[in-house]
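What follows is one structure encoded as structure tokens, with my remarks underneath.
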Amino acid sequence: SELCDFIPQCRDGSDEANCGSCDFEMGLCGLMQSEYDDFDWTRQSGRTGTSNTGPTTDHTTLSDSGHYVYIETSYPQVKGDKAELRTPVFKGSAPKCRLTFAYHMYGSGIGDLEVSVYSTTTQASKTYWSHTGNSG
């Protein structure tokens with residue numbers, strides 16, 4: 001079975017199930033915590049554990065009961081630490097895919113948020129979008 005190639009090989013479509021839209025209401029939607037980073041993303045509803053950070057509501061449900069993912073940039077994290085979420089491999093999807101997401105970067109310890117694509121063909125990663133610093 002080819003995962004996320006936009007062609008269902010499984011009769012029930014399960015090979016394509018976690019390749020589309022995600023609002024984090026039912027989990028991480030097939031995204032995986034990286035084993036090559038320093039700490040993990042957290043799925044959350046409501047406010048974050050640190051005051052004066054994080055969104056007051058989820059942007060898809062417009063309520064404090066909706067879910068989102070975030071990283072805690074205060075202690076014990078230090079400048080330069082990374083947290084990565086990875087997708088399954090999307091085979092042959094480059095001309096068909098578009099990533100749209102909302103972000104909230106608020107707090108004194110905010111660093112960089114990047115969207116990068118790793119090519120299994122070239123074995124190289126390319127950053128397509130990045131944002132630095134507080135933008136709450």
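No hydrogens, no waters, no symmetry mates; every other heavy atom, side chains included, goes into these values.
At most 12 non-hydrogen atoms from other residues, nucleotides or ligands lie less than 6.0 angstrom from OH of Y75.
Distance check, rounded to the nearest 0.5 Å: CE of M105 to OG1 of T73 gives 9.0 Å. Taking CD of E72 as the start and CZ of F39 as the end, the distance is 8.5 Å to the nearest 0.5 Å. Rounding to the nearest 0.5 Å gives a distance of 9.0 Å between NE2 of H131 and CD1 of I110. A distance of 8.5 Å separates SG in C29 from CZ in R43, rounded to the nearest 0.5 Å. Taken from CG in D40 to CD in E35, the straight-line distance is 11.0 Å, to the nearest 0.5 Å. Within the model, atoms OG1 of T56 and CZ of R47 stand 6.0 Å from one another, a figure rounded to the nearest 0.5 Å.
Aromatic rings from W129 and Y103 are positioned such that their centres are separated by under 6.0 Å.
Side-chain atoms of K126 and Y118, non-hydrogen and from C-beta on, never get closer than 4.5 Å to each other. For the pair D64/D58, no side-chain contact is recorded, criterion being any heavy-atom separation below 4.5 Å from C-beta on. Contact of the Y106 side chain with the T48 side chain is not registered, since no non-hydrogen atoms from C-beta on lie closer than 4.5 Å. No side-chain heavy atom of W41 sits under 4.5 Å from any side-chain heavy atom of L28. Considering only heavy atoms from C-beta on, L31 stays 4.5 Å or farther from R86 through its side chain. Within the 4.5 Å cutoff, no side-chain heavy atoms of Q77 are placed close to those of I71.
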Inset, instruction - Apply the test side-chain hydrogen bond (donor to acceptor under 3.5 Å, both in side chains) to residues S45 and S65: give CA-CA distance (whole Å), side-chain angles for both, the deciding distance (0.1 Å), then the verdict. - result: CA-CA 5 Å; S45 64; S65 63; over 6 Å; no
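Looking only at distances, no side-chain donor or acceptor of E25 sits under 3.5 Å from a matching main-chain atom of G66. A donor-acceptor pair under 3.5 Å is formed between the side chain of Y68 and the backbone N or O of G46.
Note on V115: it clusters hydrophobically with L113, by side-chain heavy-atom contacts below 4.5 Å among ILVMFWY residues.
A search for ring-ring contact (aromatic ring centres under 6.0 Å, His included) contacts involving H59 returns nothing, not counting sequence neighbours.
Residues E84 and K82 are not paired through a salt bridge, judged by the lack of any N-O separation under 4.0 Å between the basic side chain and the carboxylate.
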